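Notes follow the structure.
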Amino acid sequence: MYLGEPDTTPRLDNIHRFLAGVYLACGFICFWTAITIKQQNTLVFLIALAGLLGATGRLVSMSKVGLPEPSTPWIVYLLAEIIIPVIIIISQLISNQKLKQA
């Protein structure tokens, strides 16, 4: 966020720094959710949804402009953005069921 990219356009630099701030704020929200996880429910699902929407955006980008090179890291990123939110959702559903039974 601070250093930036020396060889870029003002438009891209503006967008990247804006997104860096948004991602940093999301990191704080995720950290707070993790340390107060027993009090959270809907927020956990919203965080998982954000990951799935990011994966959707990546899929749309790959279908429109192609797969970036080298392709392996980008496929790994995509798989993580799909698998981790699914694990989060399943874990939260199991936790919710256990809370109802108790």
Side-chain angles (χ1 to χ4, degrees):
M1 190 160 117
Y2 170 70
L3 292 176
E5 173 64 40
D7 299 323
T8 190
T9 65
R11 182 178 184 177
L12 286 178
D13 187 69
N14 185 291
I15 288 260
H16 289 148
R17 289 177 196 263
F18 167 78
L19 288 175
V22 170
Y23 293 150
L24 181 62
C26 287
F28 291 142
I29 292 168
C30 289
F31 179 73
W32 175 76
T33 302
I35 61 176
T36 61
I37 192 73
K38 292 187 180 204
Q39 302 163 355
Q40 305 304 326
N41 185 29
T42 305
L43 186 56
V44 175
F45 291 113
L46 289 173
I47 290 171
L49 176 64
L52 288 172
L53 289 175
T56 302
R58 196 178 296 277
L59 278 171
V60 169
S61 173
M62 289 175 179
S63 72
K64 296 281 185 186
V65 297
L67 193 59
E69 291 295 330
S71 60
T72 303
W74 298 100
I75 293 171
V76 171
Y77 300 152
L78 177 64
L79 290 174
E81 290 165 352
I82 293 170
I83 293 169
I84 293 172
V86 169
I87 291 170
I88 291 170
I89 290 168
I90 291 170
S91 298
Q92 188 63 31
L93 289 172
I94 291 170
S95 294
N96 289 349
Q97 288 231 310
K98 287 181 181 180
L99 287 173
K100 285 181 183 178
Q101 291 174 356

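Numbers for residues simply follow the sequence, beginning at 1. Since we're looking at a predicted model, the values are computed, not measured.
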Considering only residues two or more places apart or on different chains, which pairs with a residue in residues 82-97 satisfy salt bridge (Lys or Arg N to Asp or Glu O under 4.0 Å)? none
Distance-only donor-acceptor pairs under 3.5 Å for side chains of residues 47-55, two or more places apart:
none

Looking at residues at least two apart in the chain, or sitting in another chain, which of them share a side-chain contact (heavy atoms from CB on, under 4.5 Å) with Thr9? Arg11, Leu12
Given the rule that I, L, V, M, F, W and Y join up when any side-chain heavy atoms are under 4.5 Å apart, are Ile83 and Ile75 in one cluster? yes
Do Ser63 and Leu59 come within less than 4.5 Å of each other through their side chains, counting heavy atoms only? no
Residues that Tyr77 engages under ring-ring contact (aromatic ring centres under 6.0 Å, His included), provided they are two or more places apart: Trp74
Counting only pairs under 3.5 Å, give me each side-chain donor-acceptor contact of residues 87-95, with atom names and distances, residues two or more places apart or in other chains.
unit_1	atom_1	unit_2	atom_2	d
Ser91	OG	Ile87	O	2.8
Gln92	NE2	Asn41	OD1	3.3
Gln92	NE2	Asn96	OD1	3.2
Ser95	OG	Ser91	O	3.1

Residue pairs passing the salt bridge (Lys or Arg N to Asp or Glu O under 4.0 Å) test with at least one member in residues 72-98, sequence neighbours excluded, are Arg58-Glu81
Residues sharing Phe31's hydrophobic cluster, by side-chain heavy-atom contacts under 4.5 Å among ILVMFWY, directly or via others? Ile35
Scan residues 35-45 for pairs that pass salt bridge (Lys or Arg N to Asp or Glu O under 4.0 Å), counting only residues two or more places apart or in two chains. none
Applying ring-ring contact (aromatic ring centres under 6.0 Å, His included) as the test, list every pair that has at least one member in residues 43-72; sequence neighbours left out. none
Hey, what do you get for CG (Leu24) to CD1 (Ile29), rounding to the nearest 0.5 Å? 10.0 Å
When every non-hydrogen atom of Ser71 is compared with those of Leu67, the smallest separation belongs to CB-CD2, 3.2 Å
According to the ring-ring contact (aromatic ring centres under 6.0 Å, His included) rule, which pairs have a member within residues 83-102, sequence neighbours left out? none
Just to verify, what does Thr36 make a side-chain hydrogen bond (donor to acceptor under 3.5 Å, both in side chains) with, not counting sequence neighbours? Gln40
Group every Ile, Leu, Val, Met, Phe, Trp and Tyr by side-chain heavy-atom contacts under 4.5 Å, then state whether Ile37 and Ile84 land in the same group. yes
Within this structure, what is the OH-CZ distance for the pair Tyr23 and Phe18, rounded to the nearest 0.5 Å? 9.5 Å
